[in-house]
Amino acid sequence: MKSFALLCLVMICGMEGLGQRLKPKKRSNGEEINFRTKAKDVCTMSMTGDEEMKLRIECKSQGMSYWCEFNGKPSVCRAFRNNPKIYWNQIAAELRKLPHACESTQVLKTTMCQKAPTEALMKQIAAGMEPEDLANQDKAVQKTSTSMGGAERSSVKKIGKPAILPLIKPTQHGQGPETEAMKLAREHCWESLHGFCSYIIGIFRG
């Protein structure tokens, strides 16, 4: 009886151990892996999903940023279920060999899942690129246009404004021709009375 109970205990423990070995390891989800391509592009790959997974790769090159996304079911690969971390590290290792992480990479393959079904492959579904300084270029163009417009308006104002010249009074060379009354007053009157004498003479000769 005791031996039978001991045998049952051994069988139960063995089944539990077998269940633990068959249970897949926890998959990486939402993790990020940083790497550099052959051309020194700085890249980050992130994974999301459960049975069907999505992989996004974002890279920064010289004045340029680009990205691409992949979709697949690597969970159908037994090796992936056992150790997904090694699977993603193998993909990152393959991408490091390329000058551009998103060009010529329509399908991502790993050595550990070579014999897996086709649906296990991660296939590219989208990609794009954008200059990093595009916004700065737009601001610079707007600033240059504004400056040029201001300069043009200033030039028009300067050209269109009439020149203001100072008024020059004519030089007075004399008081006009000498009258006969003034001549007689200078001849017959004292110098201090020239004005008065010429006035009186003018009245009488008037």
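Source: prediction; values computed, not measured.
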Report yes or no: is the SG-SG distance between C77 and C113 under 2.5 Å? yes
Are M129 and W67 close enough, and set up right, to give a side-chain contact (heavy atoms from CB on, under 4.5 Å), and what steps lead you there? CA-CA 6 Å; M129 64 174 57; W67 59 273; over 6 Å; no
Looking at side-chain heavy atoms only, is the closest gap between M45 and L108 below 4.5 Å? no
In Å and rounded to the nearest 0.5 Å, what is the CD to CZ distance from Q124 to F70? 4.5 Å
So does E130 get a backbone contact from the side chain of S65, meaning a donor-acceptor N/O pair under 3.5 Å? yes
What's the shortest heavy-atom distance between L98 and E103, and which atoms? CD1-O, 4.4 Å
Which pair of heavy atoms, one from P99 and one from T37, lies closest together, and at what distance? O-OG1, 3.2 Å
Kindly indicate, with the supporting measurements, whether the criterion side-chain contact (heavy atoms from CB on, under 4.5 Å) is fulfilled by K54 and E69. CA-CA 7 Å; K54 185 177 181 179; E69 292 181 350; 3.2 Å; yes
Nearest heavy-atom neighbours spanning A101 and L95: O-CD2, 3.6 Å
Closest approach of P84 and R81, non-hydrogen atoms and distance? CD-O, 4.1 Å
Is it true that I86 and L55 fall in one hydrophobic cluster, defined by side-chain heavy atoms closer than 4.5 Å? yes
Indicate the atoms forming the closest heavy-atom contact of Q114 with T111, along with that distance. CG-O, 3.4 Å
Can you label the angle between the Y66 ring and the H100 ring as parallel, tilted or perpendicular, going by 30° and 60°? parallel
Between V107 and M122, does the side-chain contact (heavy atoms from CB on, under 4.5 Å) criterion hold? Intermediate values first, please. CA-CA 6 Å; V107 179; M122 300 296 293; over 6 Å; no
What is the distance from atom CD of E52 to atom OG of S75, rounded to the nearest 0.5 Å? 9.0 Å
Measuring only between side-chain heavy atoms, which start at C-beta, is Q90 closer than 4.5 Å to M112? yes
Any P74 side-chain heavy atom under 4.5 Å of M53 side chain: yes
Taking atom NZ of K60 and atom CD of Q62, what is their separation to the nearest 0.5 Å? 14.5 Å
What one should report as the nearest heavy-atom pair of A92 and I33 is CB-CG2, 4.0 Å
Can you list the steps and then say if F35 with I57 is a side-chain contact (heavy atoms from CB on, under 4.5 Å)? CA-CA 10 Å; F35 65 93; I57 301 173; 4.2 Å; yes
Taking atom types as modelled and ignoring hydrogens, do the side chains of E94 and T110 form a donor-acceptor contact shorter than 3.5 angstrom? no
Tell me if a side-chain donor or acceptor on N89 pairs with a main-chain N or O of K85 at a distance below 3.5 Å. yes
So CG of D41 and SG of C59: to nearest 0.5 Å the spacing works out to 6.0 Å
